[in-house]
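The chain is numbered in sequence order, starting from 1. All values below come from the heavy atoms of this structure, side chains included, with hydrogens, waters and symmetry mates left out. For ligands, and for the atoms within them, numbers begin at 1 and follow the listed sequence. Values in this document were obtained by computation on a predicted structure and should not be read as measured data.
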Amino acid sequence: MTTQFTRAEYQKLKQLLNEQAYYYYVLDEPQMADAEYDQLYRRLLQIEHDQPSWVDLDSPSQRVADQPLSKFQQVKHAMPMLSLGNVFKVDELTDFVTRIGSLLSKANQSFKTIEFSAEPKLDGLAVSIRYEKGQLVQAATRGDGATGEDITANIKTIGSIPLSLRGESHPDVFEVRGEVVMPRDGFSQYNEWALQNDEKVFANPRNAAAGSLRQLDPRKTAKRPLAFYTYSVGVVEPAHGFTTHSEVLAWVKSLGLPVNQLNQVVKGATGCSAFYERVGQQRDTLNFDIDGVVYKVNDLVWQELLGFVTKAPRWATAHKFPAEEATTIVEEIDVQVGRTGSITPVARLKPVNVGGVTVTNATLHNEDEIKRKDVRVGDTVFVRRAGDVIPEVVKVVGSKRPHGTQVFKMPNQCPVCDTRLVRIEGEAVLRCSAGLSCDAQLKEGIKHFASRKGMDIDGLGDKLVEQLVDAGLIKNPADLYHLTESQVSGLERMAQKSAQNLLAGIDQSKQTTLARFIYSLGIREVGEATALTLAVQLKRLPDIIAADEEALQNLPDIGAVVAKKITSYFAEPNNQMVIEQLQAAGITWPVIEIIEATDLPLQDQVVVLTGKLTMFTRSDAKTQLQQLGAKVTSSVSAKTDYVLAGESAGSKLVKAQKLNIAVVDEQWLQDLTQR
Ligand code: IVH
């Protein structure tokens, strides 16, 4: 059948449908009944079927790609995606606002009260969406803030995100950032469907949103009820010229993207805390999960003046809601052995729903905590969970303690390898010191080694690691690289094909990066960020191994405690042996180019900080100085080039003056950072 439509009519129909989506999702004012929309949509499909060459990229029919991806590509963010600092109490909020006030006064800004854009803190997944010449071209997850994953195909399936921007005039490049969430009603419906269809049931809407976006088949994502709210913009070219954040969001909305309807401009700490109370009261009635509110200085010039601390802006903070609590009964108390040998007592609980999640285990942290709280088997306890963190036992309901309960005693020996437990002075935890010869630590160590952020070994899941260790096939991570097909295919539920896949995955992991390799070693206190710092700053494994505590402390964000953990890790002969074996097994990474950073403003200058700082926290000041090329040391000597003195500086300032060393203030640092 040929339709009697012209191409212009097709385009008008497409526009009408896109316009309806805008009224429905963004303005929340539907202009036609669902049935009417469906009928028009079917007509559009019919025309596209008859005239395939007419199909426009922004037709609603183009939302779902018909091919699954084999994997997600990496996307480097044009501007980093930052995180937020936190406040929990009203006086922390007041401190935040006061601090901003004093920074602004120091920068000679005059004001009566500071305006904030107050917004709900949506509990979903941060994404960035890029439009070029008005067309949606790319969408990415936040990832580590610098690089995320390309989820364009999945983002296009979200009905409230326009495939093309509204109106006639839009920037050449327009990047929005916001949160993808699964609305609560959609979440319950989806889980009900999943239960009946033997599909994965999600624990909460956040996991459901994350799982849906990490789905390689966009046809599956399209079936998940997802929503999106914009909370900021990234790259905009040409620049937009607005002077406040709230104006920017209003503009974003006019271009067709959803912005949360609870957002409000408020004044000062009082306005912020009133917003917090109001939104807190509405929390249960909202159709999406929030875990707090966010305050952002509304004036964009001020945002610029205030700047950033490491990964979060000084001009914004999250005000979190208190964690959620419930009561239940302790059925058992076990102890678990962690990756680093730490012994953690865990309460096995009568299952209880805490804020929408079923909790069956809760941590009792350590020996001191369990003593302090005197938690016993049979007790009724308060359990708390907050966001992603492991639920914890808060306290015992004393009046409900049954007769005959017994005080819990921590074991003297490791429950897995029988080694006598030790408690290192100054530490709260008992430890099994057997290292990789304790099977529990070996298993956790291998899981960490193989994890996605580590060596990223495809096909090596937790269960398999446990089997490999239990079968005595691996005694340290290097043994993974010597496994044979016959060894692996002898394991439970391991056919030849999966054995081959596992070995291929292990083989592929040999090409890695220095940062991943360092992370995967599982050095205490060395997470992804620190591993990256070590790799980027020191560039060669031998130099990392050889660095002493002082050299390490001179690196950004590495303090005395972490430095000590790193040096003692590399001093251990066993660890040296494992590293040698891993390299001998063929693990390699690209060499990082050494660029002599001689043109940094404070290259090789030695700076000492003293006195009370008001514009920076001490650790920010240290990081900023290091990023400018300086070495920050703690005592003033003839080698010192500058003493940065804050309020009420004492003996160091006196010494500097005696030695004729240049004394500078915070403004000096501020000026240098803004050059
Ligand atoms: S602004 C530079 N606004 O919270 C500021 N973030 O802890 C960047 N989030 O990764 C974030 N609601 O996923 C901002 N109204 C909101 C938010 C929000 C939720 C999330 C976001 C971010 C995390 C930061």
Residue and atom name of the nearest protein heavy atom (relative to [atom]), distance in Å to one decimal:
atom	answer
atom 18 (C) of ligand 1	Tyr231 CE2, 3.5 Å
atom 12 (N) of ligand 1	Leu122 N, 3.0 Å
atom 8 (C) of ligand 1	Leu82 O, 3.8 Å
atom 5 (C) of ligand 1	Leu84 CD2, 3.7 Å

Quick one: do [X] and [Y] make a salt bridge, cutoff under 4.0 Å?
X	Y	result
Asp217	Arg219	yes
Glu525	Lys565	no
Glu149	Lys71	no

Atoms in ligand 1 flagged as close to Arg142, the criterion being non-hydrogen separation under 4.0 Å: 10 (O)
I want to know if ligand 1 touches [X] in the polar sense, i.e. an N/O pair below 3.5 angstrom.
X	answer
Ser83	no
Glu179	yes
Val294	no
Leu125	no

Side-chain donor or acceptor of His365 paired with backbone N/O of Val393 under 3.5 Å: no
Any donor-acceptor pair under 3.5 Å from Arg177 side chain to Val233 backbone: no
Tyr519/His448 under side-chain contact (heavy atoms from CB on, under 4.5 Å): CA gap, chis, key distance, verdict: CA-CA 9 Å; Tyr519 171 84; His448 176 84; 3.4 Å; yes
Aromatic ring pairing [X]/[Y], orientation class (parallel under 30°, perpendicular over 60°, tilted between):
X	Y	value
Phe275	Tyr295	perpendicular
Phe321	Tyr276	tilted
Trp251	Phe242	tilted

For ligand 1, the portion of Met81 having any non-hydrogen atom under 4.0 Å away: neither
Pro120 and ligand 1 - part of the residue with a heavy-atom distance under 4.0 Å: backbone
Option nearest atom 15 (N) of ligand 1 (shortest heavy-atom distance, choices Lys320, Glu119, Gln303, His245): Glu119
Closest to atom 3 (N) of ligand 1 (judged by heavy-atom distance), picking from Lys121, Met79, Lys296: Lys296
Close approach of Pro313 to ligand 1, heavy atoms, under 4.0 angstrom: yes
